[in-house]
Every structure is written in structure tokens, then in C-alpha cells.
Amino acid sequence: MTADCKECGACCASFRVDFHPSCGEVRGGLVPEGFYEELTPSLARMRGTDDARPRCRALNGRIGQAVSCRIYEERPDPCREFEAGSPACLRARRRHALDH
Ligand code: SF4
Ligand code: SF4
């Protein structure tokens, strides 16, 4: 997370966060057990990101104020690849009524 992201967190409460189960702790990967669920043999998802009002279970804090990722060093690839300032970032911020 950049300095800006530490005052935002909108993307962690907007999108499904999916990855391959091999990236989860249960299968020898990094993402800690309990923060995700395996849906199929080829699909795992961060808990909370598919809720009607999505919010990743690993997100701490208040969106738009001060946030942190509880598993930052072990977060899954989609989180590592997500770019601040990208169209998806701006969509997430708009969804939470945050100006960029
Ligand atoms: S929505 Fe954009 S600015 Fe906000 S935390 Fe995610 S990447 Fe950072
Ligand atoms: S794992 Fe961390 S960075 Fe990824 S969506 Fe959840 S809170 Fe955000």
C-alpha cells in the first residue's frame, strides 16, 4: 500500500479477490488459512470479498480514513498486482465516494 492507499482501502471493499488455491496456506502457499475459502480445486477467494457489501476479512480500519492489510506480506497476487491510479482503483474510490 502506498501512503495514499493507507488512507483509502476502497479496492479491498469493492471487488472479488480470487486466486489459485495453491497460493493458500493449506496447500503450501502464503495466504493465511482462515482469510480465504477454497471454492473449487482451481479457485480460492478472500473471505468477505463476495458479500453484498464486499469487504475483505483482512482489511483493518475505516475506508477513506486509515486502513491496513492484516496479511500484507502474505497477500494474494491480485492484491500485489492492483495498481493505485488504475481505472479499477478509480472505480473503487468512486464506489466509496472518495475523490482521487
Ligand atoms: S482503491 Fe486505489 S488508492 Fe484506494 S487503496 Fe486501492 S489502490 Fe490504493
Ligand atoms: S488481502 Fe489485504 S490487500 Fe488484499 S483485498 Fe484483503 S485487505 Fe486488501
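Read the numbers this way: they start at 1 and go in the same order the structure lists the ligands and their atoms.
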List every atom of ligand 2 that sits less than 4.0 Å from any heavy atom of L59, numbering the atoms from 1 in the order shown and giving each element.
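Matching atoms, with element in brackets: 7 (S).
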Has R80 got more than 12 heavy atoms of other residues, nucleotides or ligands less than 6.0 Å from its CZ?
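More than 12 within 6.0 Å, yes.
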Gap between atom SG of C12 and atom CG of N60 - 0.5 Å precision
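Those atoms lie 11.0 Å apart.
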How many angstroms lie between SG in C11 and CZ in R91, if you round to the nearest 0.5 Å?
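Reported to 0.5 Å precision, the distance equals 11.5 Å.
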Where ligand 1 meets [X] - atom numbers and elements under 4.0 angstrom, heavy-atom basis:
| X | answer |
| --- | --- |
| C5 | 3 (S), 5 (S), 7 (S), 8 (Fe) |
| G9 | 4 (Fe), 5 (S) |
| C8 | 1 (S), 3 (S), 4 (Fe), 5 (S) |
| C11 | 1 (S), 5 (S), 6 (Fe), 7 (S) |
| F82 | 7 (S) |

Any N/O/S atom of C79 sitting less than 2.8 Å from atom 4 (Fe) of ligand 2, backbone or side chain?
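Coordinating: yes.
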Heavy atoms only: which of A92, A88, G64, A84 lies closest to atom 7 (S) of ligand 1?
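The nearest heavy atom belongs to A84.
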Taking only Lys NZ, Arg NE, NH1 and NH2, and the carboxylate oxygens of Asp or Glu, determine whether R27 and E38 approach each other closer than 4.0 Å.
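Salt bridge: yes.
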With a 4.0 Å cut-off on N to O distance, would you call R16 and D51 a salt bridge?
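Salt bridge absent between R16 and D51.
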Expected output: side-chain T49 to main-chain P54 donor-acceptor under 3.5 Å:
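Side chain of T49 to backbone of P54, a donor-acceptor pair under 3.5 Å: no, none is there.
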